[in-house]
A.B. asks: 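Structure provided below as structure tokens; questions to follow.
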Number of protein chains: 2
Amino acid sequence: MAFENLTSREKRVLQNLICHYIQTADPVGSRVIANKYRMGLSSATIRNTMQDLEEMGLISQPHTSAGRIPTDSGYRIFVNTLLKQEPLTDSEKKYIKSIVNQGGKRIDIVLSQTSKILGDITSLLGISISPRFEEGVLTRMNLVPAAEGKIFVIVAVKSGLARSILMEIESDFSPNELRHFEDVLNERLSGLTLGQIRRTISERLADTDLSPRLVKLFVDARTNIWSDKDTTQIHATGTGNLIKQPEFADRETLLSIINILEDKKELIEFIDSKSLVEGIIITIGNENPIDEIKNCSVVTSKYQVGKISGTIGIIGPTRMPYSKLISIVEYTAKSLTDTLS
Amino acid sequence: MAFENLTSREKRVLQNLICHYIQTADPVGSRVIANKYRMGLSSATIRNTMQDLEEMGLISQPHTSAGRIPTDSGYRIFVNTLLKQEPLTDSEKKYIKSIVNQGGKRIDIVLSQTSKILGDITSLLGISISPRFEEGVLTRMNLVPAAEGKIFVIVAVKSGLARSILMEIESDFSPNELRHFEDVLNERLSGLTLGQIRRTISERLADTDLSPRLVKLFVDARTNIWSDKDTTQIHATGTGNLIKQPEFADRETLLSIINILEDKKELIEFIDSKSLVEGIIITIGNENPIDEIKNCSVVTSKYQVGKISGTIGIIGPTRMPYSKLISIVEYTAKSLTDTLS
DNA sequence: TTTTAGCACTCTAAAGTAGAGATTGCTAAA
DNA sequence: TTTAGCAATCTCTACTTTAGAGTGCTAAAA
């Protein structure tokens with residue numbers, strides 16, 4: 001879609017229309033654009049331009065005698081070519097930083113604070129997910145007997161993060177046996193990423209003097225120990241903000257987004273998929289893979305903890321103040337990266 | 001409030017009124033009770049009785065020309081003296097058991113499944129919180145170096161449960177030092193409940209050859225290590241079910257409950273406070289300490305993992321099918337206890 | 001060729017009106 | 001003590017009306 005060939009007038013009309021609609025949530029008429037935005041043209045002329053924009057599929061009319069509202073494509077053009085990023089004030093920056101810092105270095109608390117601050121200052125839904133260990137480089141593993149038939153498996157990666165999994169081992173292995181196994185694991189696996197380990201664990205433990213039963217146990221549990229499945233956490237704060245938006249006045253619409261938020265799995269997968277890309281990602285309306293949020297836009301950015309990364313962002317109706325949000329999400333991600341390093 | 005002196009007719013009218021209202025959510029008129037419930041009395045007589053019940057504060061009229069709806073006190077009488085518990089069918093039992101079992105022995109998954117099944121079969125909000133370690137008897141502690149300046153503290157209690165806390169220790173202590181510390185901790189603390197440890201840790205580590213810095217670190221962190229603060233998890237599933245209820249048609253009402261669900265802290269405290277009482281607890285409307293759920297009722301039961309216990313239950317509008325819910329919550333708690341033992 | 005004024009037309013949203021229906025409380029009779 | 005009957009009250013729904021906003025088209029102006 002080559003929309004670069006919009007005339008400068010068309011661009012200005014589209015821009016003003018979107019700006020106004022974002023503020024008011026009401027369909028925008030030609031008179032408003034002509035007068036309030038002082039374009040030096042009559043409403044009739046604006047009307048003609050609006051007709052052109054509608055033919056291009058960038059704006060549409062809810063009904064005959066209403067003004068126009070932007071379509072997803074309209075927002076897309078706006079975001080790609082018309083939008084001027086609105087910088088944060090110093091006090092805003094300070095505020096964000098202070099909240100993000102409130103959890104010390106405890107990553108789960110920091111992430112919860114982050115989703116909270118994002119939700120609060122955007123008045124939308126703030127999102128944060130825990131970092132992907134998948135690309136983390138293993139520094140050390142520990143196997144700690146916790147109770148009968150259970151051990152804690154501790155996995156530490158290079159950036160100073162670690163996590164633990166409680167694992168069932170039906171039969172009791174002797175402490176010595178476990179210690180030896182631990183040694184071999186560390187010897188053979190440290191320095192590799194968790195992803196590499198998961199994919200190759202079977203071969204790497206093939207020619208050893210280890211108990212085959214123990215090896216099998218760990219090979220079978222490889223997706224639990226060395227991947228992010230079931231471990232990735234998502235924080236979503238500000239559901240109330242969404243409820244207040246007129247876009248969610250309809251019960252059905254509200255219901256579907258609430259269900260998606262509760263389910264989490266699908267949402268985690270979607271948000272997580274953005275953690276590898278650099279910079280801000282904006283996904284508008286129909287561009288979202290999840291049906292239930294096809295009337296929403298999502299603005300995300302990745303953050304880093306050493307070598308591994310996660311994603312934060314916001315979700316809200318497509319009618320959102322993109323120019324401000326980009327700055328907010330960007331700066332929050334930066335603050336988060338700073339805090340966690 | 002001695003309401004036992006209700007006449008048998010008053011009791012029957014109240015009972016029928018509540019039954020009908022629970023099903024329809026519409027104010028119930030005297031005609032309905034007279035005809036549908038075949039009380040052998042005219043509507044005029046019922047009307048007189050209803051006036052009496054209203055004077056006692058058990059039912060009320062939304063407006064002059066409407067039927068009556070139960071008040072919180074009305075529900076209370078109903079629950080205390082009129083309600084007949086409705087037993088579960090075999091297939092219902094089977095279904096609950098199968099879902100609760102789906103997580104194997106992994107307690108977090110089992111609890112998440114439990115809140116899900118509760119939400120699903122009641123069409124309300126299912127709740128489950130993790131068990132209180134507070135009363136658990138320590139079997140063993142492990143200190144495992146995880147990264148520079150960080151150790152994993154693993155606390156295992158008698159019932160076979162364990163949990164881990166990632167702890168910051170600014171300065172580096174030698175592995176030997178830590179191992180010695182670990183030995184002393186186990187020697188002096190195992191056999192005590194976590195609550196006892198938290199309250200007396202300071203004295204118990206007083207006369208030792210341990211590094212005072214290390215001791216101070218652990219004494220300072222005692223509420224993190226030996227209590228449930230920040231560790232108790234809550235699962236709440238079925239927000240969508242609440243949204244569908246007519247009681248939450250009003251945006252404000254909906255908003256306040258959503259906020260409470262998101263905040264979690266207050267809710268955890270409230271639900272957790274019920275984990276010590278045996279049997280089903282029903283809290284109706286205004287009896288709830290949290291303002292935001294004063295139009296809701298809460299039905300809970302504790303479950304056990306060995307010696308330590310947690311709580312599950314449901315939240316919904318005061319107009320809920322108590323007689324069925326009691327059986328559901330009761331049986332689910334029993335299944336959960338079975339699964340986790 | 002482009003822009004604008006003017007106007008008929010369309011549609012929504014809000015306000016007002018009317019009528020049906022439900023339920024009550026009271027009274028007087030059974 | 002119970003019931004039939006009835007006026008009174010209030011809600012809810014449907015319908016009508018009105019005001020207002022905005023469009024699209026046409027013809028004139030620039």
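So that the names make sense, note that chain A is the first sequence line, chain B the second, and so on, each numbered from 1.
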A.B. asks: Rounded to the nearest Å, what distance is computed from the CG atom of residue B/Asp52 to the P atom of nucleotide C/dG25?
C.D. replies: 11 Å

A.B. asks: Distance alone, cut at 3.5 Å: any donor-acceptor contact between the side chains of A/Thr239 and B/Glu262?
C.D. replies: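 On atom types as modelled, these side chains qualify, holding a pair under 3.5 Å.
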
A.B. asks: Does B/Glu92 pair with B/Lys324 as a salt bridge, N-O distance under 4.0 Å?
C.D. replies: yes

A.B. asks: Let's see if you can work this out: which of C/dT3, C/dG25, D/dT2 has an atom nearest to the side-chain heavy atoms of A/Arg9?
C.D. replies: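 Per side-chain heavy atoms of A/Arg9, the pick is C/dT3.
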
A.B. asks: Would you please say whether a donor-acceptor pair under 3.5 Å links the side chains of B/Lys274 and B/Ser301?
C.D. replies: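 The answer is no; no qualifying pair exists.
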
A.B. asks: Starting at atom CD1 of A/Ile69, determine the distance to atom P of C/dT12, rounded to an integer number of angstrom.
C.D. replies: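 Interatomic distance, CD1 of A/Ile69 to P of C/dT12: 14 Å.
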
A.B. asks: For A/Asn48 and C/dA5, what is the distance between atoms CG and C1' respectively, to the nearest whole Å?
C.D. replies: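 Value for this atom pair: 13 Å.
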
A.B. asks: Of the candidate nucleotides D/dA4, C/dT24, D/dT23, which contains the atom at the shortest distance from the side chain of A/Arg68?
C.D. replies: D/dT23

A.B. asks: What pairs of residues pass the ring-ring contact (aromatic ring centres under 6.0 Å, His included) test when at least one of them lies in residues 311-333 of chain A, not counting sequence neighbours?
C.D. replies: A/Tyr75-A/Tyr322

A.B. asks: What nucleotide among C/dT4, D/dA4, D/dG24 has an atom nearest to a side-chain atom of B/Ser42?
C.D. replies: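 Of the candidates, D/dA4 comes closest.
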
A.B. asks: Taking N or O atoms only and anything under 3.5 Å, show me the protein contacts with nucleotides 6-17 of chain D, one pair per line.
C.D. replies:
unit_1	atom_1	unit_2	atom_2	d
D/dC10	O2	B/Ser65	OG	2.8

A.B. asks: Any salt bridge linking A/Lys294 with A/Glu287? Criterion: basic side-chain nitrogen under 4.0 Å from a carboxylate oxygen.
C.D. replies: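 Salt bridge between A/Lys294 and A/Glu287, a charged N being under 4.0 Å from a carboxylate O: no.
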
A.B. asks: Rounding to a whole Å, what distance do you find between A/Leu53:CG and D/dT23:C1'?
C.D. replies: 15 Å

A.B. asks: Find the distance B/Ile33:CD1 to C/dA22:P and express it as a whole number of Å.
C.D. replies: 16 Å

A.B. asks: Please confirm whether the shortest side-chain N or O distance from A/Ser30 to OP1 or OP2 of D/dT23 is below 4.0 Å.
C.D. replies: yes

A.B. asks: What does D/dC12 pair with, Watson-Crick or G-U, if both distances are under 3.5 Å?
C.D. replies: C/dG19

A.B. asks: For a quick check under 3.5 Å, do A/Ser30 and A/Ser43 share a side-chain donor-acceptor pair by atom type?
C.D. replies: no

A.B. asks: Any donor-acceptor pair under 3.5 Å linking the side-chain atoms of A/Asn16 with those of A/Arg12?
C.D. replies: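 No, no side-chain donor-acceptor pair sits under 3.5 Å.
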
A.B. asks: Distance check needed: D/dG24 P versus A/Glu55 CD, whole Å only.
C.D. replies: 10 Å

A.B. asks: Nearest whole angstrom, please: distance from the C1' of D/dT3 to the CD1 of B/Ile46.
C.D. replies: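 Rounded to the whole Å, the gap is 12 Å.
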
A.B. asks: Could you state the atom-to-atom distance from CD of B/Gln61 to C1' of C/dT23 in whole Å?
C.D. replies: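 After rounding, the reported distance stands at 8 Å.
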
A.B. asks: A/Gln51 side chain N/O closer than 4.0 Å to the phosphate oxygens (OP1, OP2) of D/dT23?
C.D. replies: no

A.B. asks: Have a look at A/Ser43 and say if it touches a base, only the backbone sugar-phosphate, or nothing, with a 4.0 Å heavy-atom cut-off.
C.D. replies: nothing

